[in-house]
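Notes follow once the structure below has been shown.
These values consider heavy atoms only, across backbone and side chains, with no hydrogens, waters or symmetry-generated copies.
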Amino acid sequence: MKKAITSEQLVWIQQDFTSREALFSFMSQQLYEKGYVNEGYQEEIISREEKFPTGLVLENYNVGIPHCDSQYVKKDFIAIVILSNYIQMNQMDKPDNEIPVKYLFFLGLQDANNHLKILKKIMKVIKSEQLIHRAENSQSVKEISELLKIEIELEEKVYE
């Protein structure tokens, strides 16, 4: 049986931040307190985002997929943040271009070899406009967590 890498404690909805840095600071503290990352995580995720932006433009919405090197991760996780407002992030394929982002999927993986495999699965979930809208319209962190777990498990069964 595969261990879950997301849970209710890793979902935040209707969060309000004035900047990417404020969001990253909040998430770093939350993930550290819950035992998912070590002390260097905040500096690393900010530094990595500046060097290798993770903002992704999709057809009708944009997402951010912040992540960093495995040495800063203590336990695997996918944390979901749905903002009540937009923050600016730099676009993955056009780093000088800022885009408004409301949906973020923070990835933390200990095994660097699994990083691309998990990222591919998450990309299929992220590209599902119906799933994103269901998550946004939900008022329950439990429902969002379960929705994502189901989608990832389906992806694992189909693509492994």
Are [X] and [Y] connected in the hydrophobic side-chain network, where two residues link if heavy atoms are under 4.5 Å apart?
X      : Y      : answer
Leu58  : Ile65  : yes
Ile99  : Val81  : yes
Trp12  : Leu83  : yes
Ile13  : Val125 : yes
Ile144 : Met27  : no

Rounded distance [0.5 Å steps], [atom1] in [X] versus [atom2] in [Y]:
X      : Y     : atom1 : atom2 : result
Leu104 : Leu23 : CG    : CG    : 5.5 Å
Cys68  : Ile45 : SG    : CD1   : 5.5 Å
Lys74  : Asn38 : NZ    : CG    : 7.0 Å
Ile82  : Gln14 : CD1   : CD    : 7.5 Å

For [X] versus [Y], what's the shortest heavy-atom pair and its separation?
X      : Y     : value
Ser28  : Tyr41 : OG-CD2, 3.4 Å
Asp111 : Asp76 : N-OD1, 4.5 Å
Asn85  : Asp16 : OD1-OD1, 2.9 Å

Please tell me if the side chains of [X] and [Y] come closer than 4.5 Å, counting only heavy atoms from C-beta onward.
X      : Y     : result
Leu109 : Val73 : no
Met89  : Pro53 : no
Pro100 : Gln88 : yes

Holding to side-chain hydrogen bond (donor to acceptor under 3.5 Å, both in side chains), I want the full list of residues that pass it with [X], two or more places apart in sequence or in another chain.
X     : answer
Asn62 : none
Asp69 : none
Asn97 : Gln91
Glu39 : Tyr32

Task: Check: Glu50 side chain, Arg48 main-chain N or O, donor-acceptor pair, under 3.5 Å - done: no
Taking only residues two or more places apart in sequence, or in another chain, which ones meet [X] in a side-chain contact (heavy atoms from CB on, under 4.5 Å)?
X      : result
Glu43  : none
Glu33  : Gln29, Gln30
Asn60  : Glu129
Ser140 : Ser138, Lys142, Glu143

TODO: Using the six-membered ring wherever Trp is involved, compare the ring planes of Phe26 and Phe17 and label them parallel, tilted or perpendicular (cut-offs 30° and 60°).
DONE: tilted
TODO: If a pair satisfies ring pair (Phe, Tyr, Trp, His ring centres under 6.0 Å) and one of its residues is in residues 75-112, list it, with sequence neighbours excluded.
DONE: Phe24-Phe106, Tyr36-Phe77, Tyr61-Tyr103
- [ ] Please lay out, stage by stage, how Arg20 and Asn90 fare under the test side-chain contact (heavy atoms from CB on, under 4.5 Å).
- [x] CA-CA 10 Å; Arg20 178 182 71 205; Asn90 292 78; 3.2 Å; yes
Task: Pairing residues for Glu21 by the salt bridge (Lys or Arg N to Asp or Glu O under 4.0 Å) criterion, not counting sequence neighbours - done: none
- [ ] Write out all pairs satisfying salt bridge (charged side-chain N to carboxylate O under 4.0 Å, His left out) with one or both partners inside residues 78-102, taking only residues at least two apart or from two chains.
- [x] Lys102-Glu136
